[in-house]
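Every chain is numbered from 1 and lettered A, B, ... according to where its sequence line falls, protein lines coming before strand lines.
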Amino acid sequence: MLSSDDTSLVGSNTILERAGASLGGRSILRGLDVEISPGQVLGVAGPNGAGKTTLLRLLATLISPDQGSGFVLGARLGSPDVYDVRRFIGLMSHTPAVIAELTIRENLEHAARLIGADLERIDTALRVVGLAGAAATRGDACSFGMLRRTEAARLLITRPRLLLLDEAFSGLDVDAQELIDALIGRTIEQDGAVVMVSHDQAHLVDRAARVMTLSAGRLETVT
Amino acid sequence: MLSSDDTSLVGSNTILERAGASLGGRSILRGLDVEISPGQVLGVAGPNGAGKTTLLRLLATLISPDQGSGFVLGARLGSPDVYDVRRFIGLMSHTPAVIAELTIRENLEHAARLIGADLERIDTALRVVGLAGAAATRGDACSFGMLRRTEAARLLITRPRLLLLDEAFSGLDVDAQELIDALIGRTIEQDGAVVMVSHDQAHLVDRAARVMTLSAGRLETVT
Amino acid sequence: MNRVRILLATAGIAVLTGLWFAFTSPVDRLQGEFSRILNLHAPFMWVAFLAFGVTAFASIMWLIRRTPRWDRLAMASVELGVVFTATGLFTGMVWGQAVWGRAWDWADPRMASTAVMFFVYIGYLALRRAIPDPEMRAKRSALLGAIAVIQVPLVYFSVNLFRSLHQTQSIRPDGATMPREMLMALLVNFVAITYLYFALLVARLHLARLEEASAAETAREPDAVTPPRLSEVKDV
Amino acid sequence: MSFWAQAVEIARVDLRVERRLGDVLRVVLPFAVVGLLVFPLALGVDLSAISLIGPAVFWAVGILFGMQVALRQAAHDNRERRDLYALLGVDPAARFVGRTISGSVLMVGFLVVLLAAMIVLYSPRLPEGWPIPVIVGLGLTAVGLTELGTLAGEVTAGLRNRTALASLIIVPLALPLVIGGSQTLESLARDTGILPWLLLLVATDLALAVAGVAMARPLEEASR
Amino acid sequence: MSFWAQAVEIARVDLRVERRLGDVLRVVLPFAVVGLLVFPLALGVDLSAISLIGPAVFWAVGILFGMQVALRQAAHDNRERRDLYALLGVDPAARFVGRTISGSVLMVGFLVVLLAAMIVLYSPRLPEGWPIPVIVGLGLTAVGLTELGTLAGEVTAGLRNRTALASLIIVPLALPLVIGGSQTLESLARDTGILPWLLLLVATDLALAVAGVAMARPLEEASR
Ligand code: HEM
Ligand SMILES: Nc1ncnc2c1ncn2[C@@H]1O[C@H](COP(=O)(O)OP(=O)(O)OP(=O)(O)O)[C@@H](O)[C@H]1O
Ligand SMILES: Nc1ncnc2c1ncn2[C@@H]1O[C@H](COP(=O)(O)OP(=O)(O)OP(=O)(O)O)[C@@H](O)[C@H]1O
Ligand SMILES: [Mg+2]
Ligand SMILES: [Mg+2]
């Protein structure tokens, strides 16, 4: 039987070719060429409103390009293939996605069950992110950093092959920031790819092989 | 006639004496002694879930102490006096408070009108925060950083005497982070006080005369 | 503009001609003068079906092509379909009151199903108005427009489908053979009202294009978020 | 800033948001007009009797859909926004008054259009000199319903299942308003003096206004 | 993970959330029972006729409040949660099925308690052998209503004024369900064969299920 983490059916090819995207009838991204190889960290920088979050949502298959084309983990964006690869994409966005009425543990259990992951990973993940003692706290009674840690725990459990981090360090205390590094490290080890958005150039340069800078929806520089 | 910025009726005395606070029946803060003098920046550090946000909400008069006592800008916490000083408290919290159906300019106008501030400040504030070109964007079409900048513009317009910053640097690009410094600087100049929460010790030490560290709802150290 | 005016004017003439036929044709002896209403009732219902069919077609075309014109067509056609259904319902009710002494009966499958169809398309219009984003609006309404059309055959065949459940009205001349002149009047009205539909459709599409053009003028490039101008902090 | 200036500003912005979302005029109103048509059909009323039941149907549909109008603000409220208003120095009572103003404008608009539709569709026999008393009665009912909705919104602020809860709170309390509103017309027809009914409405409106203003601060504090 | 396992997990968690919030059982149900009492009073029905109108009142109250039950999930949905489910690889159709399962459980519970209350309050004359056909009819109606509510929630996902819109979309479409549901009892009384009505209900449920499953992906895509 296939394990739920089996990725043999998933491509590793993630690439955008002259891709553009629109929101609310306005063209936000234009003519982006991006290639992300397994085992690599790509940094994304750019001023506020440049389109970094929109780029991550495009790579997460949550929006479709209205220009050019793209593949994520081998699935063509805008095609039904994306449904097969979504499970292997992990996204940490500006606002944490934790179900308010469930406790931290229940949130993780729910995710593990839906994805078919081993439930035993939950306890370990809770310990790793330092929430073992707060596992019974409901989502709506969590501090901001606790929500972010819960997300980190979920990403530890779901083991994405494409990890998308939107200012993942914000809201975490100094100790917990190392968690993000651990997440990145593990994804790379398992031959996954990471795209990280940050406003801190030093953060990016330390971790990413390449850093691309967006400006007004276009690629400005790649270093 | 009194100008809306007139603060002669407002005390400047902000102090907590053995104050504690509870949320959802759980005691979150305990026995806090804090004194904030005009013209001073107080830094607050501490791990995730320590109670930093709760402390700021207590100082913002949004929750009342259930233990000990406190005064904010001369008004006793839990008394009706707080209604008179709230207008002089500025809070930047984890989630930006921008009305989604209104444009950025309308949001600022609304705030200015409610507070009785000069509407001419709006254009200047928009230029200062770099949103003059985006003033007609609706709140629900803003990027995260644009929302934070809108909040900064609002704080420029409302000129608080007590400025409470909860990880205000997060989400802002490098240029825009200077905005926060400008806000702090101006508040201090006008003899206001600032309390800033951050996970970045360097950030705090650079700006704050004193840094207090919270841990599990108690004061750990003050430097 | 001119073309639209001419179309509307000729449609007016066509409808007047239809009315003339309706009022001069012989009447059914059983139902009396009121049976003249049938000349309007049936064509309005038929054309309403046509309109919803056009919407479904346009919706499917939008899903394939994703060009705004199909979305405009779907929207314009629903608006007309709703107006035509309302007229059909109204004439049906007037007739029912005259012939059966009752304007409405929920137990009549055709009446009930027509009413449901009417509300669903009103819901379609409300949904459109609730979505500001043009792309999202087009997507969702295309889905609803393509699906909602399954009600049309249900309404049409409701009389036969549910006969086993409920008696049909005894003097309802479904499928009854009519005198030639009566058939003639009905057909003339059918042509006239179909023509009216197309004329109004063209006019509505024209208006929609104007609306969209003016909206496009105000649509902006993504916003220019610029670096802060700290030098002006003191002026705020 | 003065109490009234704040209330007016809140009302102004609320009406602008409504213009953008079109909750009332574009979503609820058309359905209410349709409801006006369907109600008698559902009850199986004969067309010849229709002119008699017009007003009753008007009130039934008015209250049912009016509830959605009354609760619209509650739907857009959230903790961030409440905190924002608090720290802009907005008096909770001014917020209550402001929302009542904008809500009443919408509710009056809603009920007047519905009334016009009812008159066209049902052509009820109206007693002479009806317009002024009826419109006054309608206005007073609208204000009361809005106050109720705003209060219910405040009482349930911050709760997750608030819309369900709030609508369930409104319905029973709206009864005196609806009775007062509908009786203005009836007693006009029976020539039995409408003043008592108008006074009932005024008294209810005032009582709700006093309750709203007096309770504004405690409710605001209870919502955190 | 398999489609069904996902659907069951969604249903399980949804029921747990309901247990915590108590939307249905603690908020809507008590009001519905009160509604059962108030309805005949509001219509001015004479008490001696009360046993005759029981079933009609049951259906009127059931659909009115049932709508709130059907729409409860829509109230807890938001963009973050939709994105979360998408990236957990949840098939939109599995989400639809899961929500239909949990919603139907609640709706059946709601309707059965309401029916019991109606029987106690009105003591209607019920034809012999009513329990099984009526409960089956009720169950089928509940499933259909839930499917409708879930679909309406999907169609209006992400819109700000969604509850108003969704409830307005549901009501007309619920008509065949209510007709089917209420006719089971009637035709049992008139001894005219209930099978056609049960078949109507089954057909509607199936049609809605097919529509929900088939439309799940396109709707999911249209919601961003
Ligand atoms: C308000 C209630 C009514 C509704 C909703 C309604 C609905 C419809 C619909 C949808 C059609 C078009 C489908 C078709 O052509 O078969 C239609 C046609 C027709 N209706 Fe009605 N109807 C109503 C009342 C009546 C009444 C009271 C009568 C006569 C007693 C009547 C007689 C007819 C006839 C004769 C046709 C044309 C059938 C044909 O030639 O195919 N309708 N109606
Ligand atoms: N739903 C939307 N509708 C219309 N425009 C939008 C929408 N969401 C974002 N935008 C616009 O898209 C542009 C890019 O937004 P995005 O969130 O991708 O920026 P970002 O690079 O992540 O910025 P930040 O650093 O502030 O997070 C902005 O100009 C914003 O106004
Ligand atoms: N509404 C609430 N009900 C119950 N407990 C709460 C509530 N909000 C917060 N808490 C608890 O209060 C504690 C402190 O929360 P607070 O948000 O003040 O932390 P913080 O120091 O700001 O943390 P972070 O760095 O993560 O933002 C946490 O343990 C949290 O679980
Ligand atoms: Mg962003
Ligand atoms: Mg915090």
Side-chain angles (χ1 to χ4, degrees), chain B residues 5 100-101 103-105 108 112 117-150 152-160 172-190, chain C residues 59 62-63 65-72 74-76 78-79 122-145 207-236:
Chain B
D5 293 328
E101 298 85 2
T103 66
I104 293 181
R105 178 187 296 280
L108 296 179
D118 196 344
L119 292 182
E120 275 163 29
R121 286 186 202 159
I122 294 172
D123 278 315
T124 327
L126 280 170
R127 271 198 310 274
V128 170
V129 303
L131 289 178
T137 308
R138 268 174 57 159
D140 50 13
C142 280
S143 77
F144 191 71
M146 286 162 73
L147 294 175
R148 304 236 62 158
R149 287 178 184 219
T150 306
R154 186 169 56 228
L155 292 174
L156 284 172
I157 291 168
T158 58
R159 298 189 182 164
L172 290 173
D173 61 30
V174 187
D175 293 331
Q177 292 188 1
E178 288 174 24
L179 258 176
I180 302 295
D181 282 322
L183 254 178
I184 296 176
R186 219 194 43 173
T187 309
I188 297 300
E189 247 167 54
Q190 294 170 354
Chain C
S59 300
W62 186 90
L63 289 170
R65 292 279 157 76
R66 312 241 159 182
T67 46
R69 43 191 291 242
W70 292 114
D71 185 48
R72 279 197 297 266
M75 177 268 302
V78 170
E79 282 181 1
I122 287 192
Y124 173 99
L125 291 176
L127 181 73
R128 287 194 70 94
R129 290 166 175 189
I131 310 178
D133 181 332
E135 176 86 7
M136 202 190 272
R137 178 173 58 223
K139 249 189 228 172
R140 285 199 221 189
S141 27
L143 290 167
L144 192 58
L207 193 66
R209 267 192 301 273
L210 290 182
E211 281 169 4
E212 223 157 87
S214 79
E217 250 165 53
T218 50
R220 289 155 301 112
E221 284 288 283
D223 310 304
V225 178
T226 49
R229 291 244 290 262
L230 299 173
S231 55
E232 288 186 55
V233 164
K234 285 183 192 62
D235 304 337
V236 186

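Crowding of R66(C) atom CZ: a count of heavy atoms from other residues, nucleotides or ligands under 6.0 Å exceeding 12.
Scanning for salt bridge (charged side-chain N to carboxylate O under 4.0 Å, His left out) contacts around R137(C) gives an empty result, with sequence neighbours left out. Listed by chain and residue number, R207(B) satisfy the salt bridge (charged side-chain N to carboxylate O under 4.0 Å, His left out) test with D181(B) (two or more places apart in sequence, or in another chain). In terms of the salt bridge (charged side-chain N to carboxylate O under 4.0 Å, His left out) criterion, E135(C) has no residue partners (sequence neighbours excluded).
Heavy-atom proximity under 4.5 angstrom to chain C picks out R186(B) from residues 183-190 of chain B.
The heavy-atom pair separating T226(C) from R149(B) by the smallest distance is O-NH1, 2.7 Å.
Of the listed residues L179(B), I122(B), D123(B), V128(B), the one with more heavy-atom pairs under 4.5 angstrom with chain C than any other is V128(B).
Each of L172(B), D175(B), L131(B), V129(B) was scored for a side chain to side chain contact (heavy atoms under 4.5 Å, CB included) with P228(C), with one residue passing: D175(B).
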